[in-house]
Amino acid sequence: MGKDYYTILGLQRGSSEEEIKKAYRKQALKWHPDKNKSPSAEDRFKEVAEAYEVLSDPKKREIYDQFGEEGLKGGIGGNDDQGGTFRYTFHGDPHATFAAFFNGANPFEMFFGRRMANGQHEESMDVDSDIFGHFGGLGMNGFPRERHRGGMMGPIQRKQDPPIIHDLRVSLDEIFNGSTKRMKISRKRLNPDGRTIRMEDKILTIEIKKGWKEGTRITFPKEGDEMPNTIPADVVFVLKDKPHPHFKRDGSNIVYHARVSLREALCGCTIHVPTMEGRSVSITTQEVIKPGARKRISGRGVPFSKNPHQRGDLIVEFEVSFPDFLSTSSKEGLKRHLPMS
C-alpha cells in the first residue's frame, strides 16, 4: 500500500492550496532535524517534503488522487510535456524543498534564534502553535518579512556542494603513451519547473597526457547533482597507478627488479632488462653486486609531463638469491677463497 500524503500532512482530501501550504509549514517546522532531535525526525521531515511536493502540484495531485502513489511513480497516470510517460520521483532532498518554500531564508534564525519582546525564548515555543501570529507583515508563503537596517533581506546566497572525488586508475603504458578515458557518470538534473528532478547520464572525456604523475587531479566544474538553491559540485578524478608486471614507477623514473644468483652476484654476469618500448637492454657487470644495488639506464623512463620529448631513467635494482643449502665441501671452498671481512 502506498503512502497517504494527506495523512502525512494532517489533511483531508479536498483541502485547498492554502491549507496544503499551511500544513506543510507546520509539519516541516515540527519535524525539521535542526529543531526536532528525535531519531525519526529526518525520515518524517523527508515524508512531509515529498507529500508537499505532490499535493502542491495540480498535475501530480490529480494523478495521485486517482491512482495513488504507485500510479504516480509507476507511470500509469498520463503523459509528460514531451509526450512520454509521466513518472514522478522525489528528488530526495527535503532541505531543498524547505529552503525553496521559505525563499532560501532560515526560519530558525528568525523564530527560534532570538528572544521575543515578551521575554519568551523562541526555542521553547511549540511548533504546533501559530508562531506566525506573533509577527506582522507576512510575505510569500506566509513567511514574515525580515528587515535589516531598514531594508529587505538580500538575495539568496547559493553555496556550492563539496567536490565529488573519484579515483582514476591508469596503467603505466597509458602514462607512457598517453591515452583517452571516457567515464560515465549519473547525476540529478533539475527539470524546467525548477523543482522536480530527473536522472541523467553523461560521458566525461579525459585526455591522459604523457608522464602525468600519480595524484594529478582532473576537474569537471559543476557536473555534480543539480538541486534547488545550490550550485552543482565539481566532479574530480584523481590519477592512481595500476600495478605493472615488471616495473614500478618512481616519479618519471621506472624501477625494474633484477634477480641474480649468489654466484652471479660474486663473479659477474650479463642480464637482459626489458624496456617500455618492448625491447630489452643488456647489462654486463664484473663487479660484486650487493643486495639492493642499483644501475641507471638514462632516458628509458617515463616522459616528463611538461616536456614529453625528454624521459626519466630506467633503474635496475638487484635482488640476490641466496642458496638454501651448501655442502661441506662448498663451505670449505668459500672459506679458503673469501676474505674474512
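Bear in mind that the values here come from a model prediction, so they are computed numbers and not experimental data. Residue numbers start at 1 and run along the sequence shown.
- Put simply, the side chain of Y64 gets close to the backbone of Y5: a donor and an acceptor are under 3.5 Å apart.
- Ring geometry, Y256 versus H246: the interplanar angle falls from 30° to 60°, so the pair is classed tilted.
- Other residues, nucleotides and ligands place more than 12 heavy atoms under 6.0 Å from the NZ atom of K60.
- Remark: side-chain polar atoms of K37 are paired, donor with acceptor, to backbone N or O of P33 under 3.5 angstrom.
- In terms of modelled atom types and a separation under 3.5 Å, the side chain of N253 and the main chain of L314 share no donor-acceptor contact.
- A salt bridge links E50 with K73: the closest approach of a Lys/Arg side-chain nitrogen to an acidic carboxylate oxygen falls below 4.0 angstrom.
- The ring pair (Phe, Tyr, Trp, His ring centres under 6.0 Å) search around Y24 returns Y52, F101, not counting sequence neighbours.
- Heavy-atom minimum distance, S179 versus E174: OG-CB, 3.5 Å.
- For E317 against G292, the heavy-atom pair with the smallest separation is CG-O, 4.1 Å.
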Take S16 and E18 through the test side chain to side chain donor-acceptor pair (under 3.5 Å) and record every step on the way to the result.
CA-CA 5 Å; S16 67; E18 189 60 33; over 6 Å; no
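- Formation of a donor-acceptor pair under 3.5 Å by the R311 side chain with backbone atoms of G301 is found in this model.
- Remark: the backbone N or O of E223 is paired with a side-chain donor or acceptor of R187 at under 3.5 angstrom.
- Judged by distance alone, the side chain of N36 and the main-chain N or O of K30 form a donor-acceptor pair under 3.5 Å.
- By the 4.0 Å N-to-carboxylate-O rule, K202 lies too far from E200 to be salt-bridged with it.
- Using a distance-only test at 3.5 Å, with no hydrogens or angles considered, a donor-acceptor pair links the side chain of E226 to the main chain of L190.
- Judged purely by atom type and a 3.5 angstrom limit, K188 uses its side chain to pair as donor or acceptor with the backbone of H91.
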